[in-house]
Amino acid sequence: MIKSLQCSQGADYRRFMKRQSPESSATIKKQIHKRLQKRWTIRELYKEKSWKTLVKVGLQTKGLYEEYDTIKVQGQVLSVGDSVLINSGDQYDEDYVGTIKQILSIKEPTTAKLICLCRIQWYMRKSEIIKSQPKCSEWISEQELFITNHQEYILAQSIIASCKILSCSEYQELDEIESTIYFNRLEWDLQKKQFGNMDALQQFCFCFQPVNPDRQYIQCDSCKNWYHFECVGIKNGKYNQNEFYCSKCQ
Ligand SMILES: [Zn+2]
Ligand SMILES: [Zn+2]
């Protein structure tokens, strides 16, 4: 039987969502320790948005903690494993993207109201990656996401909608591109600020870069290699001849 949670809280807490960086995890540990020692109530922890401590306290007290398979939020039923867009709390920032790893509720003992939480595995977007790797801007697609090993609890009502994360080849086979369809081919190490498995990527063209599905490519009829339009001097995105030979094969 599927156990389902109805997220009935208002949307007022949505704007308070702020993703934590893993660098701050030592500070967070200290905070959790302090709050546990001071025996903060569920209500206080909720106000402080201290979700990790809240889950710890919930687990320690019988009858407060419950886990679920699905959650209904913003009129959509979402399951563990689904990918979602999450309000970043800043109207100028892009929505966050993550995968639901766990759905749970903590009961506030005095009011019996349920605090609905999801544990989320974060993905990073292009805009975040190129802050530390600006040279990669050319081959990273606007719809590309980078999986991280960073997980965090969020309030369920900060989820905006579900989205799809495909493999790179699945994404390239799509006939129509939608704004909520992304792809993932690389890991991103948040601590080291570098890619986890970059060697696995095939390089193309004279500029020796991984494929970017946003850009136009042409295949050489002799060596069968793929080249960027710009790199072989094709202008205005148009090539009218039947055959193409790269400068190495001409
Ligand atoms: Zn090129
Ligand atoms: Zn060639």
Side-chain angles (χ1 to χ4, degrees), residues 19 21-23 83-86 88 90 92-99 120-150 160-250:
R19 192 175 52 196
S21 66
E23 295 95 78
S83 299
V84 286
L85 297 172
I86 296 151
S88 65
D90 184 336
Y92 300 108
D93 268 357
E94 290 172 294
D95 304 325
Y96 296 142
V97 187
T99 300
I120 296 288
Q121 178 159 25
W122 292 119
Y123 283 82
M124 293 288 143
R125 285 176 181 270
K126 176 180 185 171
S127 55
E128 296 161 312
I129 301 295
I130 59 173
K131 278 180 203 161
S132 42
Q133 301 270 359
K135 279 185 191 161
C136 300
S137 177
E138 274 185 43
W139 60 261
I140 298 177
S141 161
E142 298 300 327
Q143 293 302 104
E144 183 159 12
L145 299 172
F146 299 84
I147 192 163
T148 74
N149 53 6
H150 189 42
I160 300 165
S162 70
C163 66
K164 258 191 204 153
I165 306 175
L166 307 175
S167 71
C168 188
S169 52
E170 284 171 336
Y171 181 81
Q172 282 176 291
E173 276 166 27
L174 290 180
D175 295 324
E176 260 176 76
I177 292 167
E178 282 174 47
S179 63
T180 54
I181 301 181
Y182 301 89
F183 73 90
N184 167 246
R185 57 181 161 178
L186 283 178
E187 299 156 14
W188 178 252
D189 189 317
L190 275 164
Q191 274 93 1
K192 292 182 188 161
K193 296 198 188 309
Q194 64 187 35
F195 303 107
N197 52 344
M198 187 69 189
D199 296 345
L201 276 195
Q202 210 185 331
Q203 322 271 333
F204 296 92
C205 193
F206 295 123
C207 61
F208 219 60
Q209 284 181 353
V211 67
N212 179 350
D214 300 350
R215 296 180 67 182
Q216 281 182 298
Y217 291 81
I218 191 163
Q219 190 178 30
C220 171
D221 283 299
S222 173
C223 67
K224 306 291 177 199
N225 285 330
W226 289 91
Y227 299 94
H228 293 118
F229 273 28
E230 301 86 356
C231 294
V232 292
I234 300 171
K235 296 202 177 95
N236 310 321
K238 278 190 195 122
Y239 187 74
N240 298 323
Q241 283 146 54
N242 289 329
E243 290 177 329
F244 168 77
Y245 294 99
C246 74
S247 59
K248 274 194 277 186
C249 299
Q250 269 168 19

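Numbering of ligands and ligand atoms starts at 1, following listing order.
Rounding to the nearest 0.5 angstrom, the gap separating the CG atom in Asp214 from the CD atom in Glu144 is 9.0 Å.
Nearest heavy atom pair, residue Ile181 against residue Gln143, reads O-NE2, 2.9 Å.
Residues satisfying the side chain to side chain contact (heavy atoms under 4.5 Å, CB included) test with Ser169, not counting sequence neighbours, are Ser167. Here Lys248 pairs with Phe206, Tyr227, Cys246 under the side chain to side chain contact (heavy atoms under 4.5 Å, CB included) rule; sequence neighbours left out.
When side chains are defined from C-beta on, Gln209 counts as touching His228, because their heavy atoms get closer than 4.5 Å. In this structure, Arg125 and Tyr182 have side chains that are in contact, with non-hydrogen atoms separated by less than 4.5 Å. By the 4.5 Å heavy-atom criterion applied to side chains, Ile160 and Val84 are not counted as neighbours. Tyr239 places none of its side-chain heavy atoms less than 4.5 Å from the side chain of Val232.
For the Zn ion (ligand 1), the count of nearby protein N, O or S atoms, meaning those under 2.8 Å away, is 4.
Looking at Asp221, its side chain does come within 3.5 Å of a backbone N or O of Phe244 through a donor-acceptor pair.
Residue-and-atom listing of protein N/O/S atoms under 2.8 Å from the Zn ion (ligand 2), sorted by chain and number: Cys220 SG, Cys223 SG, Cys246 SG, Cys249 SG.
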